[in-house]
Amino acid sequence: MIRSNPKGLRNGSIASHASGLSYEADLSLRRLSPRLQAFWDAHDADEVLRHEFGLRLVDNWEELFALLYQLYGTRYDFFYHLEQILLTAAAAWLDRPEELRDLDRHRINEPDWFVSEKIVGGALYVDLFSENLGKLADSIDYFKELGLTYLHLMPLFAVRPGDNDGGYAISNYRSVDPRLGTIDDLRNLATELRKAGIVLVLDFVFNHTSDDHDWAKHAQSGDPEYQNFYYIFPDRTLPDQYERTLREIFPTVRRGNFTWHDGMQSWVWTTFNSFQWDLNYSNPAVFRAMLEEMFFISSTGIDILRLDAVAFVWKQMGTSCENLPEAHTLIQAFSRLARIATPSLLFKSEAIVHPDDVVKYISPEECQISYNPTLMALLWESLATHETRLLTRSLSHRHKLPKHTAWVNYLRCHDDIGWTFDDADAAALGINAYDHRQFLNQFYTGQFKGSFARGVPFQENLETGDMRIAGTLASLAGLEHAIEEGDEHEKEMSIRRMLLLQGITLSIGGIPLLYLGEEWGMLNDYDFVKDPAKASDTRWVHRPRMQWEFLHELNDTIASGSGSIRKRIFRSQQKLIATRKALPALAGQQMELVATGNVHLLSFIRINESHRLIVIANFTDQPQSVDGNRLRTVGLGRFFKDALTDREFGTSDDIVLEAYETLWLMRV
Ligand code: GLC
Ligand code: GLC
């Protein structure tokens, strides 16, 4: 008998503390033990492996039990699912390649490995970058030359025919899209990357499957067990009720969140595209089934799973069905199971939502790392306004994270830019958030007078006036416009803007993540409209095929023309990365803002043990100065050297930054 169901249990974040269920947890484990023994015996499991698993199980069981109990404790078949989940974890550990188990043993003792200054990430599409997984291994030298130690491959599993949302409509998590290779190619690549000191990141697309996944096909054929894997409704009654409190994520794809399925004569919940069916996690069979897929994916040699669309995984009538407490409980349950069976595996949260909600996914027990969409959006905001007030205000209370966690700082990714800053942060500075978003959209689509940006609208919602922005780093920073105009000064400014933003993501604390193509100033590619499977999704404008011929220029001696621009961008980014990796002050997350008294500058100090680095960045195309005395008092020194250029500065005078310049100052 369950003694109590304390109120605190409804809140996911409380589960890791005393759950009040220790007796029930302990009794359940004792009851399950013989089943676990039988499993080990049946598989002739090594004593050491049993022992290691057992220790981690005991360490994590009470929390895991509490989490699962919150989600599924009222189900008539809870104990059955609990047993299945436990055996799934045991099987994952037993099947885990020995190399990965060694990594597990190693990283358990090094919980902060990912916050090192040596970690620098890159993301790419396999087909667009190198055609297939086999050929990707040939690019390892390129990654090393650039300085990458973390590689995120966009989804590469089998997908439905036609539009597959850039790989996010998965029809089989256990086979690679045949155009990209095989599971063995993936395993081999993972091994090669590991040898080269590069960690591998893949998506865990667990909010939805494609409409042609086996589970969806079973559902379509009328099997009620699989219909329960999704949210399927015979008529509009419930969808209409849900709809009252839901947002629309892809309003230009389809109005509302449900799609009519002719075959089943039913409505299916589809938050994203109509062919992406949301999974029903209120069904523990779904949890267990996806857990198996998660373990399978990680066993191919994955260090970090990017948890896709985390905000949407739990639904409840009368709510926005985003960021619900149960979503956290669910992710924490996955995370506990990873601690038990695949302990070196980390989770990265993809929550592109309000900053207060983003941060709730981040903890050692949930997602250890997270995209930092607020920083991303506000860096672009500062570039447009030439002022850092909103950025500074946001950083002042939003950058800090719990121990053993980190931000992933990026400027561009495969998705759009949404202006997800907090309205109250804006209001405190007298900025009207709605108007400001309109301005930013105008600015980044190049419609605002004097704008250098060449972005395009994504998912413009004419009813709400909402819009997001697509475009590459270079096109948004002004390079496309400058090349069009043949304006040399503007070319220079756009390059500086790119380096300015990168100088910040590389130094502000956390894991910097490049979207490959950025490193040589890739421009928007408008040809995506020629492909019917891509034409309706403007995010493809910033997902072009890698142009290796441009890179070959890097090694030749062309000294003029656009070739030299790419070369300069590449070399400068390479230098920034190499410099970061040589500065221990840049490890970890600790960051303190420095008040410069100049709204055009962003300045902060990074402190790690005895190492200090002051970063100052100028968001305008005019020189800006800082009082040297400020530097002396924060930096605790009289003379400083810029780690990027070796230029020295005394503090008796003002320090002057050139247009869009960034300084990384160390005491000398
Ligand atoms: C995430 C992905 C995005 C995709 C969506 C649905 O937001 O980043 O590209 O469209 O999930 O999977
Ligand atoms: C969701 C995702 C976000 C993405 C969008 C699809 O909001 O969380 O990453 O921007 O959908 O583009």
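Just so it is clear, the model here is predicted, and its values are computed rather than measured. Read the numbers this way: they start at 1 and go in the same order the structure lists the ligands and their atoms.
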K.L.:
Give the numbers and elements of all ligand 1 atoms closer than 4.0 Å to a heavy atom of Phe272.
P.N.:
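Listed by number with element: 5 (C), 6 (C).
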K.L.:
Only heavy atoms of Arg539, strictly under 4.0 Å: list the atoms of ligand 1 that pass.
P.N.:
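So the answer, numbered in order with elements, is 3 (C), 4 (C), 9 (O), 10 (O).
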K.L.:
I need the atoms of ligand 1 closer than 4.0 Å to a non-hydrogen atom of His414, numbered in the order shown.
P.N.:
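So the atoms of ligand 1 that pass are 2 (C), 3 (C), 8 (O), 9 (O).
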K.L.:
Would you please say whether a donor-acceptor pair under 3.5 Å links the side chains of Trp419 and Asn441?
P.N.:
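Checked: Trp419/Asn441 side chains pair up, N/O donor to acceptor below 3.5 Å.
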K.L.:
Is there a heavy atom of Asp165 sitting under 4.0 angstrom from any atom of ligand 1?
P.N.:
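Yes; Asp165 lies near enough to ligand 1 that a heavy-atom distance drops under 4.0 Å.
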K.L.:
If the contact criterion is a heavy-atom separation under 4.0 Å, does Met154 count as touching ligand 1?
P.N.:
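The answer is no: ligand 1 sits nowhere under 4.0 Å from a heavy atom of Met154.
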K.L.:
Looking at Tyr125, is Arg543 sitting on its ring face, NZ or CZ under 6.0 Å from the six-membered ring centre and within 45 degrees of the normal?
P.N.:
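Geometry flag: not set, cation outside 6.0 Å or 45°.
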K.L.:
Can you name the salt bridge (Lys or Arg N to Asp or Glu O under 4.0 Å) partners of Glu322, sequence neighbours left out?
P.N.:
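In terms of salt bridge (Lys or Arg N to Asp or Glu O under 4.0 Å), with neighbours along the sequence ignored, Glu322 is linked to Arg247.
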K.L.:
Could you say whether the N/O atoms of Glu350 and ligand 1 ever approach to under 3.5 Å?
P.N.:
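The answer is yes, given that Glu350 and ligand 1 share an N or O pair closer than 3.5 Å.
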K.L.:
Is there a donor in the side chain of Asp212 and an acceptor in the side chain of Ser210, or the other way round, less than 3.5 Å apart?
P.N.:
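A donor-acceptor contact under 3.5 Å links the two side chains.
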K.L.:
Please identify which atoms of ligand 1 are closer than 4.0 Å to at least one heavy atom of Phe250.
P.N.:
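It comes down to these atoms of ligand 1: 10 (O).
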K.L.:
Verify the distance criterion only: is there a donor paired with an acceptor across the side chains of Asn323 and Tyr361 at less than 3.5 Å?
P.N.:
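Looking only at side-chain atoms, Tyr361 and Asn323 do form a donor-acceptor pair, the distance falling under 3.5 Å.
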K.L.:
Select the closest option to atom 11 (O) of ligand 1 among Asn273, Thr271, Asp308, judged by heavy-atom distance.
P.N.:
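Ranked by closest heavy atom to atom 11 (O) of ligand 1, first place is Asp308.
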K.L.:
Quick check on contacts: which atoms of ligand 1 are under 4.0 angstrom from a heavy atom of Gln276?
P.N.:
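What qualifies from ligand 1 is 6 (C), 12 (O).
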K.L.:
With Ala453, which residues qualify under side chain to side chain contact (heavy atoms under 4.5 Å, CB included), at least two apart?
P.N.:
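So Ala453 forms a side chain to side chain contact (heavy atoms under 4.5 Å, CB included) with Phe443, Tyr444, Ser451.
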K.L.:
So if I count the atoms of ligand 1 from 1 in the order they appear, which ones are less than 4.0 Å from some heavy atom of His208?
P.N.:
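Result: 6 (C), 12 (O).
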K.L.:
Can you find a side-chain donor-acceptor pair between His328 and Glu366 that sits under 3.5 Å?
P.N.:
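Yes, side-chain donor-acceptor contact under 3.5 Å.
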